[in-house]
There are 2 protein chains.
Amino acid sequence: MVTITDIAQALGITPSTVSRALSGSTRVKEETRRAVQKKAQEMGYERNVVAANLRKGRSNIVGIIVPRIHREFFSNVIGGAESALNDAGYHVLICQSLETRDAEIKALKTLRNYSVAGVLLSHAIESTDGSHIPEILGRSIPLVQFDRVFPDLPGAKIVGANYDGAFKATSHLIQQGYKRIGTLAGYMSSQAYVERLSGYRMALESANLPYDKSIVFSDTIVRETGYQACIKALEAGCDALYCAGDFCALGAIDLLKEKGIRIPEDFGIVGTANESFTALMFPSMSSLGQHPFEMGQAAAKAFLEGRTDTQVIPMELHIRQSSNKNNTWQK
Amino acid sequence: MVTITDIAQALGITPSTVSRALSGSTRVKEETRRAVQKKAQEMGYERNVVAANLRKGRSNIVGIIVPRIHREFFSNVIGGAESALNDAGYHVLICQSLETRDAEIKALKTLRNYSVAGVLLSHAIESTDGSHIPEILGRSIPLVQFDRVFPDLPGAKIVGANYDGAFKATSHLIQQGYKRIGTLAGYMSSQAYVERLSGYRMALESANLPYDKSIVFSDTIVRETGYQACIKALEAGCDALYCAGDFCALGAIDLLKEKGIRIPEDFGIVGTANESFTALMFPSMSSLGQHPFEMGQAAAKAFLEGRTDTQVIPMELHIRQSSNKNNTWQK
DNA sequence: TACAAAGATACAAACGTTTGCATTAATTGC
DNA sequence: GCAATTAATGCAAACGTTTGTATCTTTGTA
């Protein structure tokens, strides 16, 4: 591997000048800069980033911590973030928390050890508070939270319009004429789900419908828990569910099909996330769409621009068969 | 940040001894090792991996290059690989080639610059040969190829049982009584698709059916191209398609639905990849399942164990509505 | 007791950059 | 024409490890 010292020797100058020439410092003559660049090209030089990182105490790696890489939502966020970061010369180190606080802490420490330029984080469900995060990252590593955020932590945040979205989704169910609308609310440890629940509640209250805690089912997030919760929802006399996730909604549909309950005639379902399967399944599932790719890009940009504000990414309701009694659904 | 020099000073020994004590060298007394470990714990020491990497000329980062992170198949591979690598103390740097050879080359150079411990790669469609890969990585960075591999490149390879799988899928269509079975074959620049085509062909020939080039449709991979190819397949009199991807199969189904052609009665479809939507859509799609998570784990293990052989991950056929005239499909 | 052989630790260089400060060369002002 | 200023480059230390070689200590053996 050719080093700046090699280039310096070839040109009869010193490594420091070569370094400055290549890094765009003003402290070098335009003429020598060109000579250096030409020589570097000729010799096939490529900067050793590890050495540069060590000296600078900062790398051009951005760490992304997500609960699970292979979840559609997160892989799309990562895809969006990687594109934007790569364009700006950064690279992406990926960590999975697998929803545990311990793995999240370990990942944060790992990233700090690589002296990453920044961290994009969507916290584990198990992390009910975010105190460990600034504790590990300190002042010098900027943090951008996305989707699952701790509002009281400093730094940029990118969130979906959860409140608005859930309000729209629930209002839609009301308009469709469903009378007793429950919710599979997700985990109350996560702000996103808390906001969805608020939106659900406000939609009911705006329509002068009672908010009934007994048909709010928490800790539902996967297919199986959705199935289980739907059993209870039926017992409680529900005829519709706003589900704060697509997978729990899927579980609910599993049960309804099994019981021979007609969708959407007898029971309405709206999910959340607009996973790709929702449009393709039968009956196709109405879903409150997030924009994970855009969210990833926004997170990357927030880091790149050094923002510290909170951005809200709109959510849109895709009305499909599972909640549309008129049968004139969008595709 | 506390360094090994700090620990050395605190104990009145030298940094080299501390380094050896912490890295498990035999050249240090058990007693001092314990003292060092205790002190390190006390002072909250964590090894600066950047410095260690620079000195060793090798990092504990493994690079993964995939065409697109957010494709379900690849995100699952990454998920599997990350878990296995993380357990072994490695971390994952992610790059997307976006199917272009240039981006792939850039990613390879980036990874070499980080002096990664290894590279897991599934090449871009645009890369029709793999000569650039060893050229950049050289002898010292081990390469593990997965899914889309160049057979003539040295190093470990993890592939699906494409030939066997396509053979099974096509045979299944034959058994179902379809008479003129075409194929959406994907890109012939990729070995995986070439093998699938061979399997398709051998299944036909084993059943004494003609192999007809005019109903082999190449360069189909996304929904839209599947739709277009299916138009031609209908014109050519096909009554079934083995599709080398799920998305092009989806496009074919789009067209069939639009034309009011009954599935599976009048036309049979089998896709490939077993993407999650295939089981949930209507009609549910038969698909030749890959095991991306396992493939990722296998790739990681091949790297960790320094293997250089080729491993074949079995594929299994999930028979669903789109190809099952008996209507007694598996879920 | 002396001497060799381990055993344990210390020394110092190296990995390839970056960067504050010193030095030299070129330019300006008076 | 000489000091003062600016521009360009050189020098050398530093980032925190790892590791080959040298040194010192202990142990075992003749």
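Side chains are part of it too, since the values below use all heavy atoms of this structure and drop only hydrogens, waters and symmetry mates. We name chains A, B, ... by the order of the sequence lines, and we start the count at 1 in each one.
- Distance, A:Y114 OH to D:dT17 C1': 14 Å, rounded to whole Å.
- With sequence neighbours left out, the salt bridge (Lys or Arg N to Asp or Glu O under 4.0 Å) criterion links A:E99 to A:R71, A:R148.
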Taking distance alone, no hydrogens or angles, what donor-acceptor pairs closer than 3.5 Å link side-chain atoms of residues 37-45 of chain A to residues at least two apart or in another chain?
none

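- Atom CD1 in B:I7 sits roughly 17 Å away from atom C1' in C:dA10 (whole-Å rounding).
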- Going through the distances and angles, do A:L108 and A:H132 end up as a side chain to side chain contact (heavy atoms under 4.5 Å, CB included)? CA-CA 9 Å; A:L108 285 163; A:H132 55 301; 4.0 Å; yes
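- Annotation: ring-ring contact (aromatic ring centres under 6.0 Å, His included) contacts of A:H70 (sequence neighbours excluded): B:F293.
- For A:E305, the side-chain contact (heavy atoms from CB on, under 4.5 Å) partners at least two apart in sequence or on another chain are A:K301, A:R307.
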Under 3.5 Å, sequence neighbours excluded: what are the donor-acceptor pairs made by side chains of residues 51-59 of chain A?
| residue | atom | partner | partner atom | Å |
| --- | --- | --- | --- | --- |
| A:N53 | ND2 | A:V49 | O | 3.2 |
| A:S59 | OG | A:I61 | N | 3.1 |
| A:S59 | OG | A:Y114 | O | 3.4 |
| A:S59 | OG | A:S115 | O | 3.1 |

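- Within the 4.0 Å cut-off from OP1 or OP2 of C:dT17, not a single side-chain nitrogen or oxygen of A:S19 is found.
- When the side-chain contact (heavy atoms from CB on, under 4.5 Å) test is applied to B:V149, the partners found at least two apart in sequence or on another chain are B:Q145, B:K157, B:V159.
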Below 3.5 Å between N/O atoms, which protein atoms pair up with nucleotides 13-15 of chain D? Just atom names and distances, please.
| residue | atom | partner | partner atom | Å |
| --- | --- | --- | --- | --- |
| D:dA14 | N3 | A:R55 | NH1 | 3.2 |
| D:dC15 | O2 | A:R55 | N | 3.3 |

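- Atoms CG (A:N60) and P (C:dT18) sit 11 Å apart, rounded to a whole Å.
- Distance B:L22 CG to D:dT19 P: 13 Å, rounded to the nearest Å.
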- Message: Protein within reach of the bases, or only the backbone? For nucleotides 6-11 of chain D, mark each nucleotide 5' to 3' as B, S or -, using heavy atoms under 4.0 Å.
- Response: --SBBB
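- Side chain of B:S97 to backbone of B:A103: no donor-acceptor contact under 3.5 angstrom is found.
- When rounded to the nearest whole Å, the span between CD1 of B:I4 and C1' of D:dT18 equals 8 Å.
- With sequence neighbours excluded, the residues that form a side-chain contact (heavy atoms from CB on, under 4.5 Å) with A:T17 are A:I13, A:T14, A:V28.
- Under the salt bridge (Lys or Arg N to Asp or Glu O under 4.0 Å) criterion, B:D129 pairs with B:R101, sequence neighbours left out.
- Comparing the axis of the opening five pairs of the helix from C:dT1-D:dA30 to C:dC30-D:dG1 with that of the closing five pairs yields an angle of 50°, rounded to 10°.
- Atom CE in B:M1 sits roughly 16 Å away from atom C1' in D:dT17 (whole-Å rounding).
- With rounding to whole Å, B:E31 atom CD is found 13 Å from C:dG7 atom C1'.
- The side-chain contact (heavy atoms from CB on, under 4.5 Å) check on A:A273 picks up A:D246, A:E275, A:Q290, with sequence neighbours excluded.
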